[in-house]
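Structure first, then comments.
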Number of protein chains: 2
Amino acid sequence: MTTDAAPSLDPVELGAYFALIEVSSLLRHTVEQQLQEVGGLSYVQFQLLATLGDAPDGSRRMTDLADGVVYSRSGLTYQAGLLEKAGYVTRAPSPDDERGVTVTLTDAGRDVLARVFPGHIGVVRDLLVDPLDRADVESLARVLGTVRDHLRANPPRSAAPRRKARGRA
Amino acid sequence: MTTDAAPSLDPVELGAYFALIEVSSLLRHTVEQQLQEVGGLSYVQFQLLATLGDAPDGSRRMTDLADGVVYSRSGLTYQAGLLEKAGYVTRAPSPDDERGVTVTLTDAGRDVLARVFPGHIGVVRDLLVDPLDRADVESLARVLGTVRDHLRANPPRSAAPRRKARGRA
DNA sequence: TATTGTTATACTCTATAACTATA
DNA sequence: TATAGTTATAGAGTATAACAATA
């Protein structure tokens, strides 16, 4: 039901896709530079720290940290290791489940987050928010929120359950 | 120079930003898997091939290829080298400017594009287009188009592979 | 047995700087 | 001198598979 018939997108749909890719790519690239310059953080590292910062106690289990940030376990272990070595997080066995590891934000972690945040916000405002009027920002938030919710509800899986477009050729 | 005063974003603005990052990240990751499985292509390689496919004669100069795809010259040389080795493009000195290199799509390059396209389109439709109604897709295309145009007009001063942004601060 | 996380390893990609050659 | 592109190289990140420990 997905891509059996001749798949195509009209110009508007294609335009939305291409614009999304180009905008997010450039925005992310610029933010990455800012994070690297100011805090020596990669974007993934920032996302992990920010996720911890959102948690009431600054703690989260590895698995819960992975969410939309990283796509493999070992990748998360690697990044968490770097953050721990930098002193931004600690890792300890989870109290309730000895298999799990609880990652906790340190004071130094909160510091680097605070140091990095203003410039981060500045980039996002300059590149994404300022060029738009209020109504467009609201529209963008709503529409992309819809897409995000659908993605979360239907995890795209590793393209495994997806049909092998054995089309022409 | 841009935002020195206390920078902040309200929840809607932050929501637009986070949704953009999450959606584009997941979309790109899924597309990358499809491209890899079906055609053995990375996303960047696909973008380069697709750019060539858009050109009337299937040719373009290296510099023109770089546009929103790659952020360093050497990175482009690397990817173009891979594509050449795979037989998807040829490289030859530009006729008009002996310093330049003209990259040209081969028949094999067109083949792999054609082989990869249906599934690519399918992913984009499943993940981005189908969850939205027509008006939302149009809105998304328009708003992101606005942002993209601003980004192109005001290159974020470091992601400019062509000009040498000298005179920092 | 299934799940959580780590390790080892190999690979891809990126970026800086030095270099060649054309303009 | 400035521009177009390549090369060398080094580093960051990712993914897969084998592994240990716990549930």
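Protein chains get the first letters and strands the later ones, always in sequence-line order, with residue 1 at the start of each.
Going from atom CD of Glu32(A) over to atom P of dA15(C) covers 9 Å, rounded to whole Å. Distance, Leu82(A) CG to dT6(C) C1': 14 Å, rounded to whole Å. Between the CD atom of Gln36(B) and the C1' atom of dT12(C) there is a distance of 10 Å, rounded to whole Å. With rounding to whole Å, Leu83(A) atom CG is found 16 Å from dG5(C) atom P. Between Leu76(B) atom CG and dT7(D) atom P there is a gap of 13 Å when expressed in whole angstrom units. Across the protein-nucleic acid pair, Gln45(B) atom CD and dT12(C) atom P stand 10 Å apart, rounded to whole Å. At whole-Å resolution of the value, CD in Gln79(B) and C1' in dT7(D) are 16 Å apart. Regarding Asp96(B), its CG atom lies at a distance of 12 Å from the C1' atom of dA23(C), rounded to whole Å.
Distances from the side chain of Arg99(A) to the nucleotides dA15(C), dT3(C), dA23(C) place dT3(C) closest. Comparing dA23(D), dG5(C), dG5(D) against the side chain of Met62(A) picks out dG5(C) as the nearest. When each of dG5(C), dG13(D), dA15(D) is scored by its nearest atom to the side-chain atoms of Tyr78(A), the top-ranked nucleotide is dG13(D). Residue Val44(B) has its side chain nearest to dT14(C) when only dG5(D), dT14(C), dT7(C) are considered.
At least one side-chain nitrogen or oxygen of Ser42(A) sits closer than 4.0 Å to the OP1 or OP2 atom of dG13(D). Taking 4.0 angstrom as the limit, His29(B) places a side-chain polar atom (N or O) nearer than this to OP1 or OP2 of dA15(D). Within the structure, a side-chain polar atom (N or O) of Arg73(A) is placed less than 4.0 Å from OP1 or OP2 of dT4(C).
Counting heavy-atom neighbours within 6.0 Å of Asp107(A) CG, excluding the residue itself, gives a total of 12 or less. For Tyr43(A), the OH atom sits in a packed shell: over 12 heavy atoms of surrounding residues, nucleotides or ligands are nearer than 6.0 Å.
Nearest-nucleotide positions on DNA chain D for Asp97(A) and Ser72(A) put Ser72(A) closer to the 5' end.
Contact annotation for Ser94(A): no contact, since no heavy-atom pair falls under 4.0 Å across all strands.
Side chains of Leu49(B) and Val89(B) form a contact here, defined as non-hydrogen atoms less than 4.5 Å apart.
Here the rule is side chain to side chain contact (heavy atoms under 4.5 Å, CB included) with Val123(A), and of Val31(A), Leu128(A), Leu35(A) only Val31(A) fits it.
You'll find a donor-acceptor pair under 3.5 Å spanning the side chain of Ser74(A) and the base of dT16(D), going by distance alone.
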> Please walk me through it: do Tyr71(A) and Ser25(B) pass side-chain hydrogen bond (donor to acceptor under 3.5 Å, both in side chains)?
Replying inline: CA-CA 10 Å; Tyr71(A) 300 104; Ser25(B) 175; 3.0 Å; yes
